[in-house]
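Heads up, the thing below is written out as structure tokens.
Convention: sequence-line order gives letters A, B, ...; per-chain numbering from 1. In what follows, every heavy atom counts, from backbone to side chain, and hydrogens, waters and symmetry copies are set aside.
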Amino acid sequence: MTLRNKAAVVGAGCCKFGENWDQGPEDMIVDAVLEAYADAGIEDPRRQIDAIYCGSLYSQLGPVEVSEALKLYKPMTAVSNYCATGTEAFRAGVMAVAAGVYDTVLVVGYDKPKDRGVSGPSVTIRGVRDLPGTPAAWFALCAAPYFKKYGAGREDLARIAVKNHANGAHAPKSFIKKVVTVDDVLKARMIAWPFGLFDCAGQSDGAAAVIISSPAHARSYPKDPVWVKAVASGSAANPHTDPDHDFLRWKPTENAAAEAYRMAGISDPFRQIELCQVHDCFTLTELLAYEDLGLCAKGAAKEHITAGTFAFDGELPVNTDGGLKSFGHPTGATGVRMLYENIRQMRGEAGERNLRRRPVTALTHNIGGFPTGCAITILGMEK
Amino acid sequence: MTMDARIIAYGAYLPIHRLTAASLGRKGSTARTLAGPDEDSLTLAVAAARNALAGAGNMDRSEIDALIFATTSAPYGEKQGAAIAAKTLGLRDDVMTFDITASTRSGTQALHAAGALVASGRIASCLVIAGDVRQMTPGDAAELEFGDAGAALLLGNRGGFGRIGVPVQLSNEMLDVWRGAGERFVHGWENRFILDHGYKDQIGRALDAMAKAEGGNLQRIDRIALYAPDSRSLREIAAAHHLPLERVIGRDWPGRIGCTGASFALLQLCAGLEEAQAGERLLLANYGDGADAAMIELDVAPPPPARSLAGQEALGRVVSHAWYLSARQLLATEFEPGGEPGNSATAHYRERDANLSLEGQVCQCGTHQFPKGRICVRCGCADHFQPVRYADRHGSVITYSRDAFFPNPSPPTVITVTEVAGGPRLYLQATDADADEIGIGTEVEFTFRRIHQVGRRPNYFWKVTPVRGKLP
């Protein structure tokens, strides 16, 4: 089965990400969805939207939070898959449209972690077995084996942070607008070796939304439809107990990428994809994504980082809006926020941030859990 | 017909941390052993038991009929420590378990109760484990007099290397040292009163009774395990009863290890057994709400210890005052611990083999898995597993990180994925090690620890610690 060209995005919206002290989930959801409505030219959502797909990891209320915020009472579904939650909500919406169940669905991803009163992740003490570290530490588990095998180090990670901070400084809706140097990154306080503060995504609140339409209706919206070429989800054994893990890769990305490329008919991702938003919850997560997505050979990320391959004006720009580094990671929102950036770039709507070469095919990548799950989208401007 | 109460195995455990006079900004060179933030009386006792069983060649644990846990600082007011230890040590389900608590003498009381049980012939073997983590009020001069340690002895009615005689027992009611129900800190009345009418009087009477049975004096005793709250009391009691001080085991422990409460006399006995020869006679005398004393005669030389006390003492690492206060939870906290129910008791019940015994499983395809599951991670078949206990194997670190964010008195917390030799991979924290002591390929062993105290109770699991070679 394939989802290729069976649905299209006709509108996208995104609220300002940040420490949104004066906004509750409702405000952020409404900001993102009103922008998506306007983008799609939707004037009567109660007539034009058939169903709602919500992605939130921390919501206490579930999809009611979205239906009550929008006063939009439609079939609603809440989706959750750790940090891939936003992309999973999109996948659920695409599948519903592709199956012909609905003509038009609204996807909303959001989270509000900054109501918890802590600046980092909260350390939840439950059970006894799954406690050893915080997310930075478990995402760092590839560092020692990878550094040992391929000779990479903290400087290579730092260059990823420098790139994403620079990109995020210009993105209007980003949380952190701070340009940093390699030296700043290396000298920052340690969070979990090898990650210093600037190797870690920020903690922020945010919401993003997209509107998906069936192929039959996609061209009736004011803007050119952005076609779904693939939406894929992959999983793999928990690396903490996987008897065969080499800690040089995250297998869920490899599994999801294989499925996404098959669906989209991509055989040479580095040549056929022109823009990527990848999951940079930590700098090493982005480095591994280059390789696990097949954008470069295993072990070659370091050379490409040095060469600037993935810089804003590089051969294959990655995280042009600054990524999770600059937007923070309100979990459910992240995957949808990535779609928002790709759609803006593909339509040439990013203003001064428009890429020199407008991308026709673009990829988003979320990975989460320990990590145990990954979701990938590939969108294209041509049907 | 009564049988002998014989010693089959012995083991001692000292935590790695040391609190010194310098740590507290005081003069002098006094030091004491200190349990870490992930240790309590039960984990110390379990560690000693594992050393004892390792010293006996990791004997078949299904032969152990009973387990007694001795402490003044039981982790629960109502709930048995011995039952937790029996599960942790992988003993049989039909093992007899009980705790003997509330007195510094509970270590020898447990030993003599075990002796009576095996000598009766009703049971063939009994494991006695003692551990104590007593807390003096912060700032009290006596804060450095206490120590934390575990000791364990396996008794049986045949085999082994020595025989424990029938003890002299004395009970004495007075308020000398006490801790009220629900209190944290140990109280003592005026020292001259409690020493003269408590320790010296009671220990003196017990020693007199032993001397009488020996034909007038204790000169023929080779080694003496003699509880002492402090070094001065030890010197005075030895002089008053003509005990050769050089034969008192651990006579310089006050000021180096500290008085380790319920485990102290048994710890001295273990130290004596490490060096004792065949034919030696040892005296074991203990104090607390009375006194007891017994003679131990060795017919063969005890086996060498799995980990010597001297070796464990040499591993000691001095901590700072701030570390001590944080580790022992002596600092004010932003929020009082809540009255939440904590981890699910039903989940704990289902997972006790995994969490306490570190028991996983091996599939018929040969793949080991922890925690247990219904489906094999490699071959995918269902329910073709045999349980395997991994706690006593070594492991190798596959990868690690150093988490500065995880709550810890001295960050970072080292987290590891560790592969058990011939076994599964486990996701475990490291303990008793500096961050740079853990790397890819580091050989580690498993140690039973208190992971956290959610629900205001100890929640136990395992950590890794570097294998520090065979201790001298």
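Per-residue counts of heavy-atom pairs under 4.5 Å with chain B were compared for A:D246, A:L141, A:T241; the largest is that of A:L141. Interface summary for chain B: among A:G133, A:A140, A:P243, the most heavy-atom pairs under 4.5 angstrom belong to A:P243.
Interface remark: B:L426 contributes backbone atoms only to the contact with chain A (heavy atom separation under 4.5 Å). Contacts between A:N238 and chain B at a heavy-atom distance below 4.5 Å are absent for every atom of the residue. A:A144 touches chain B through backbone and side chain together, each having a heavy atom under 4.5 Å away. For B:P407, the part lying near chain A is the side chain, with the backbone staying farther off; criterion is any non-hydrogen pair under 4.5 Å. For B:I440, the part lying under 4.5 angstrom from a heavy atom of chain A is the side chain only.
A:D280 contributes a side-chain N or O that, together with a main-chain N or O of A:L324, makes up a donor-acceptor pair within less than 3.5 Å.
Considering every non-hydrogen atom in both A:L284 and A:F139, the closest pair reads CD2-O, 3.9 Å.
The salt bridge (Lys or Arg N to Asp or Glu O under 4.0 Å) test with B:E359 singles out one residue from B:R352, B:R389, B:K372, and that residue is B:K372.
No hydrogens or angles considered: a donor-acceptor pair under 3.5 Å links the side chains of A:E291 and A:Y146.
Looking at heavy atoms from C-beta onward, B:C379 lies in side-chain contact with B:C363 at the 4.5 angstrom threshold.
Between A:F198 and A:H165, a ring centre-to-centre spacing shorter than 6.0 Å is recorded.
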